[in-house]
Protein chains: 2
Amino acid sequence: MLSQRAADRTWGGTTLTDRKAARRLRLLEAGVDLLGAPEGPALSVRAVCRHAKLTERYFYESFPDRDELVLAVYEHVAAAARQALVDAVRSSPPDPPALARAAVTAFVELMVDDPRRGRVLLLAPLTDPALSSRGMALLPAFAALIREQLPEDESETDREMTAIGLVGALTHLFSAYLDGTLTVDRDQLVDHCVRLLTRA
Amino acid sequence: MLSQRAADRTWGGTTLTDRKAARRLRLLEAGVDLLGAPEGPALSVRAVCRHAKLTERYFYESFPDRDELVLAVYEHVAAAARQALVDAVRSSPPDPPALARAAVTAFVELMVDDPRRGRVLLLAPLTDPALSSRGMALLPAFAALIREQLPEDESETDREMTAIGLVGALTHLFSAYLDGTLTVDRDQLVDHCVRLLTRA
DNA sequence: AATAACTGACTACGGCCGTTGTCAGATTAG
DNA sequence: CTAATCTGACAACGGCCGTAGTCAGTTATT
């Protein structure tokens, strides 16, 4: 038999690449736990390893340094959110108000279903330098997306300001809803956000 | 002569209480520097002492621990902002639009005149646990103040959401203006904010 | 001159951080 | 069986943190 490469050797029933991928995923999930903790984002290498029940050596097997994990966790959650939004928009009537409602409900449900993700998306970039330093926050991109949708009878700077203000209003409302400051029905929140989006 | 109390003895030309107060003020100012740093709030006891050219012993002479300094710095800046707002409102015609404009311009000028203060008020509470844990952020109070001003033909929850969204929009706009993300004239920013406030 | 208070520079403790390395034991391949 | 590889537990480095203490030297009072 040909000498198989180390990556394909079986150990404990699985191959090395499988185990490595599983460990990476465990680290990612632990990262979501810590970066989306209710008490605020606090992700350290040791803490994430304790949480994932892995050793630091396996951390550096999957990520070159701490900040790369933070970025990967954020991108992990952002990808899920993007997918949820795409799905919601695809299965929705194409008129703008219905689209806005579909998108908002999808996002709110994602946050309610797993508040960690909401906190990672909304709160972590404000706190963690690894996210705020890069343009890694999605909010500017979201603001640009809104700006394109605005009516053209206003000046460019006015549209930029309304877009930024709108993003601020939505994120602030979502954050307040997440941490319990805003006690209100899920549907009321969705209604209000849709109204903000469609009237702007 | 009666033996004067230690606090009133003169040393280096000033009394103990004077020197102590001066040191406290120097620590406060250094705290504003660090808590309002452009790279993000990073206030440690050693750093603030280095900055104020004092020893750690004098830190604990004026503040029981690190968090108390953070709170004091925030309150220091908040008091100045309150004063600026009160002055602006006092010397303004009493109709609501003029009041809104006066308040917004006062706040924007305070931020432009000393961006550290703007960052302390807007950014530090999001980052530093000593501020976010307590209700020490002024934003909820500001939201409540706005809520009372809203028309009464809407439901209570609607007014609460409008107020929270409005605060989010304003803070987001101010933050973007502070860090250069939003490149726009000061007057344009003021106009936009006043429009948001008076049309809500 | 002697006593007391104040000041500045410095050290020390325990803890967490990111990162790297070591070492005994388990599991597989040849 | 032997050798190679994978695993887990742990130590170590330098650094910053909050907090407390020491000690020589300067300045005022008596």
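Within every chain, numbering begins at 1; the chains are lettered A, B, ... in the order of the sequence lines, protein sequences first and strands thereafter. In what follows, every heavy atom counts, from backbone to side chain, and hydrogens, waters and symmetry copies are set aside.
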Q: Write down the distance between CG (B/Leu27) and P (D/dG18), rounded to a whole number of angstrom.
A: 13 Å
Q | Closest to side chain of A/Tyr60, choosing from D/dC10, D/dT7, C/dT19 | A | C/dT19
Q.
Does A/Leu54 reach a base, just sugar-phosphate, or nothing at all? Heavy atoms under 4.0 Å.
A. nothing
Q. Starting at the 5' end of DNA chain C and moving along, which residue's nearest nucleotide shows up first, A/Leu43 or B/Arg23?
A. B/Arg23
(Q) Check this one for me: any side-chain N or O of A/Tyr58 less than 4.0 Å away from OP1 or OP2 of D/dT7? (A) yes
Q) Hey, is the side chain of B/Arg46 poking within less than 4.0 Å of OP1 or OP2 on D/dT19, counting only N and O atoms? A) no
Q: Could you name each residue pair satisfying side-chain hydrogen bond (donor to acceptor under 3.5 Å, both in side chains) that touches residues 89-104 of chain A, not counting sequence neighbours?
A: A/Arg101-A/Asp191
Q.
Counting only side-chain nitrogens and oxygens, does A/Arg9 get under 4.0 Å of the OP1 or OP2 atom of D/dA4?
A. no
Q. What's the closest nucleotide to the B/Arg19 side chain, out of D/dC6, C/dC6, D/dG8?
A. C/dC6
Q: Quickly work out the B/Glu61 CD to D/dT19 C1' distance and round it to whole Å.
A: 16 Å
Q) Rounded to the nearest Å, what distance is computed from the CH2 atom of residue B/Trp11 to the C1' atom of nucleotide D/dT30? A) 19 Å
(Q) Please determine whether a side-chain nitrogen of the Lys or Arg among A/Glu109 and A/Arg186 lies less than 4.0 Å from a carboxylate oxygen of the Asp or Glu. (A) yes
Q | Phosphate contact (D/dC6 OP1 or OP2) by A/Arg57 side-chain N/O below 4.0 Å | A | no
(Q) For a quick test of reading the model: is some side-chain N or O of A/Ser44 closer than 4.0 Å to OP1 or OP2 of C/dC16? (A) no
Q) Is B/Arg50 salt-bridged to B/Glu56, cutoff N-O under 4.0 Å? A) no
Q) Between B/Lys20 and A/Arg66, who's closer to the 5' end of DNA chain C by nearest nucleotide? A) B/Lys20
Q.
Less than 4.0 angstrom from a charged side-chain N to a carboxylate O is my criterion; do A/Arg147 and A/Asp158 meet it?
A. no
Q.
Which nucleotide wins on minimum distance to the side chain of A/Glu56, given the candidates D/dG18, D/dT7, D/dC10?
A. D/dC10
